Engineer: 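Got a structure for you, written out below as structure tokens; questions coming shortly.
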Amino acid sequence: MGQEEQQHIEALFADGGGRLGELVAPLSDHGFEITRIDDPATLATTATDVYDLVVVPHDETTDPPVDGVAGVETALDHVSVPVVLYAVGFPGADVAVAALDAGAADAVYVPPEREELLARRFRCAVLGNDFGPPEQLLEDFFAHYPADAFVKDDLSRIAIGSQETTRPQGYSRDQLVGLTDYELFHPDLADALYEQEQRIREADDPQVNVVEHFIEDGEDRWVASTKVPRYGEGGEVTGIVGETRDVTRLRRREQLVAALNEGSRDLMRAETTADICRVTLDIVEQIGILPSVELVLYDGTTLRPADISREMPDVFEAYGNWFRRAVETGDPQYVATGPNGRRIRTEAGDADDIEAVVLPLGDHGVLGMRPADTLDEFTLDLANVLAATVEASLDRAERERQLRERERELETQNQRLEAFTTMVSHDLRNPLQVAVGATDMLEEHSEHVERIYTSLGQMDRLVDELLTLARQGEITGDRVAVDVAALAGAAWGAVDTGEATLELDDPRTVVADEDRLRELLENLFSVLLKQTADAPTIRVGHIDAGITIEQVNGVATVDEAPVTRPLDTADWTHYGQYIVSTIAEAYGWEVSTADEDGEHIRFEITGLEVR
């Protein structure tokens, strides 16, 4: 404990409301003896000669509030020792300024938990707030301020400068006194600075945080400067007070980021993986500060360096295991050498120790780099941004490749559809027309002739529907209420039923496209009729949200529910199965088969609105 902290201090709290109660314990632990009185007015009748300090509270959190500034003024009327205002809560800086203006030795807002700081503030109020002479304060500022700060006279001579001012030239602060920019810089730069400062002095116009560019030793440099007029006692301008900060590094980083952004646009325009790899290396060369970079691609099994017609560094050869680990984990690998000489994974924050950076590119591969010198945080950030941009570009290129492949497949399909429609239009419709014409020439209008007409009409309708499907890509039509019994009868008449019979078991009414549902029924009837050589009975009934079609002759009665299975019967044509599946899919229906007894099939059409 220092000598000043060993000194015993008698403190008088003018606080009848107990607002300063939380200060007693921490101050007592630091050598303060606390006595309380009711309020500052009580000081008029209190012997205060034995006290070193009077503390009055300020509290705006109660009703009525306690005005500490008025308490300071009252206390100073009755005591000759320092008076300190202590604020409960945070009333704002105005209260502290008003208390100090009223003569308080200090205005303290420090919370009780900060015991040491609190005790030192009160102790300084007793011993005196000695900040030192102004000359020493000014000297301390210029000796320790970490920027180029200076004061110049009206001849632009340096009257005083900070320690940072001396760093570029290598002179001491005393040696710089009396020099101007003409002695320190190239004449062109010195002329520009002098004219700038002349304008500031003559126009009395401060310049705040203005970025200036100049060339020094053949290299671009930028500084951000603030320069304001300096005034004499009569208000006349007597020189310049200023500060400059070298922002060359910041400006170069901005240029690098701009170059990366420009290169990113080229990446997003590249169409193939090879193009993206080439553009990536172009960006690396343009940026310049990125270390040796190697692109390694992954095909799902093997990692291989990108096939680019330029010399590539051997990063993959040296750090292949880390490339594979980056692909397997999807995490960046920052490689360093451990104390035992073995390579280890480190964190990005330890940039100085990193000897290789391996960044995954999603499922596409890895971007690896090996710096010649130590890395910094900015370069690592730049590398990660580049890797993210390359990955996004590869993602986009892969999507576009898949889209082009799909477009080629669709073009091939369209060509096949065109050939199909041509075949349907010519190779099927022409024979149909011949068959119709030949039927017209039959003299006997027997039942067989009518059946021929019915079949030819059905074939002609199917040809029209096939052409519509091929050309328009859809088969859906208007949905209406359909009497399933009547529709099943019409479909039955269009199929070669032989000796089979149709049985209707209250199939109800459904909402559907009548033509499509009839076509579906015709195909299902055809399949069931081919299941046996006997004369079966085909029953059409209903279930919840659907229709059933089944062969009922000889079907065994079973207690358990039938096992449903997909449409895999080989008893219908490929076209018939395609039509059934396509119609069902188009309308959101589901057609399934139920194996009743291992031999007989029952079809269920569900997803219909049954009325």
Side-chain angles (χ1 to χ4, degrees), residues 260 263-264 266-268 270-402 405:
L260 179 56
S264 297
D266 294 335
L267 273 176
M268 297 309 292
E271 296 183 354
T272 67
T273 298
D275 290 340
I276 291 171
C277 292
R278 281 192 290 270
V279 172
T280 299
L281 296 184
D282 289 342
I283 294 173
V284 170
E285 292 177 0
Q286 182 178 0
I287 290 178
I289 70 167
L290 286 176
S292 299
V293 172
E294 185 171 11
L295 270 165
V296 176
L297 302 178
Y298 182 61
D299 61 7
T301 304
T302 307
L303 282 167
R304 57 178 178 79
D307 184 14
I308 302 175
S309 58
R310 70 178 75 186
E311 184 178 350
M312 297 284 285
D314 57 352
V315 184
F316 179 53
E317 181 179 345
Y319 299 91
N321 290 336
W322 298 95
F323 278 68
R324 283 182 280 273
R325 187 174 300 180
V327 169
E328 292 168 359
T329 64
D331 297 324
Q333 305 294 314
Y334 302 106
V335 187
T337 299
N340 57 0
R342 298 182 58 186
R343 286 173 177 162
I344 60 173
R345 184 174 184 266
T346 187
E347 298 299 323
D350 303 325
D352 291 346
D353 300 328
I354 293 175
E355 63 182 59
V357 179
V358 184
L359 304 174
L361 303 175
D363 297 331
H364 308 289
V366 182
L367 183 70
M369 55 189 67
R370 179 170 56 188
D373 300 312
T374 57
L375 290 173
D376 58 20
E377 184 178 351
F378 172 74
T379 305
L380 277 181
D381 289 343
L382 208 63
N384 278 281
V385 171
L386 175 62
T389 307
V390 173
E391 180 180 349
S393 301
L394 291 170
D395 286 341
R396 188 257 316 149
E398 176 61 18
R399 290 193 301 269
E400 292 178 353
R401 185 196 66 78
Q402 293 176 357
E405 183 175 328

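Every value quoted in this text rests on a predicted model; they were computed, and no experiment measured them.
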Engineer: Holding to ring-ring contact (aromatic ring centres under 6.0 Å, His included), I want the full list of residues that pass it with Phe323, two or more places apart in sequence or in another chain.
Structural biologist: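 Once residues adjacent in sequence are excluded, the partners of Phe323 under the ring-ring contact (aromatic ring centres under 6.0 Å, His included) criterion are Phe316.
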Engineer: Roughly how far apart are Thr273 OG1 and Glu398 CD, rounded to 0.5 Å?
Structural biologist: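 Thr273 OG1 to Glu398 CD: 7.0 Å, rounded to 0.5 Å.
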Engineer: Using distance alone, with no hydrogens and no angle criterion, decide if Arg325 and Gln333 have a side-chain donor and acceptor under 3.5 Å apart.
Structural biologist: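 Judged by distance alone, the side chains do not pair up.
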Engineer: Find the distance between OH (Tyr298) and CD (Glu328) and round it off to the nearest 0.5 Å.
Structural biologist: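 Reported to 0.5 Å precision, the distance equals 7.5 Å.
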Engineer: To the nearest 0.5 Å, what is the distance between CG on Leu380 and CE on Met369?
Structural biologist: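 Result: 8.5 Å between the selected atoms.
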Engineer: Report the distance from atom SG of Cys277 to atom CG of Leu297, rounding to the nearest 0.5 Å.
Structural biologist: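 CG of Leu297 is found 4.5 Å from SG of Cys277.
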Engineer: Is a side-chain N or O of Arg345 found less than 3.5 angstrom from the main chain of Pro332, in a donor-acceptor match?
Structural biologist: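 Answer holds: yes.
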Engineer: What distance separates Thr379 OG1 from Leu386 CG, expressed to the nearest 0.5 Å?
Structural biologist: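 Going from the OG1 atom of Thr379 to the CG atom of Leu386 covers 12.0 Å.
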Engineer: Is any side-chain heavy atom of Val296 closer than 4.5 Å to a side-chain heavy atom of Leu361?
Structural biologist: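 SC-SC contact between Val296 and Leu361 ruled out.
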Engineer: As a test of understanding, state which of Leu281, Ile283, Ile276 forms a side-chain contact (heavy atoms from CB on, under 4.5 Å) with Val279.
Structural biologist: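 One option only clears the test, and that one is Ile283.
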Engineer: Can you name the nearest heavy-atom pair linking Val358 to Pro360, along with the distance?
Structural biologist: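 Closest pair (atom of Val358, atom of Pro360, distance): O-CD, 3.9 Å.
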Engineer: Could you give the distance from CG (Asp299) to CG (Asp363), rounded to the nearest 0.5 Å?
Structural biologist: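 Answer rounded to 0.5 Å: 12.0 Å.
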Engineer: Show every donor-acceptor pair shorter than 3.5 Å between a side-chain atom in residues 388-397 and any protein atom, with sequence neighbours excluded, or say none if there are none.
Structural biologist:
residue, atom, partner, partner atom, Å
Thr389, OG1, Val385, O, 2.8
Ser393, OG, Thr389, O, 2.9
Asp395, OD1, His364, NE2, 2.5
Arg396, NE, Met268, O, 3.3
Arg396, NH1, Ala270, O, 2.6
Arg396, NH1, Glu400, OE1, 3.2
Arg396, NH2, Leu267, O, 2.8
Arg396, NH2, Met268, O, 2.9
Arg396, NH2, Ala270, O, 2.8

Engineer: Please tabulate, one pair per line, all N/O donor-acceptor pairs under 3.5 Å involving side-chain atoms of residues 334-341, not counting sequence neighbours.
Structural biologist:
residue, atom, partner, partner atom, Å
Tyr334, OH, Asn384, ND2, 3.4
Thr337, OG1, Glu355, OE1, 2.4
Asn340, OD1, Arg342, N, 3.1

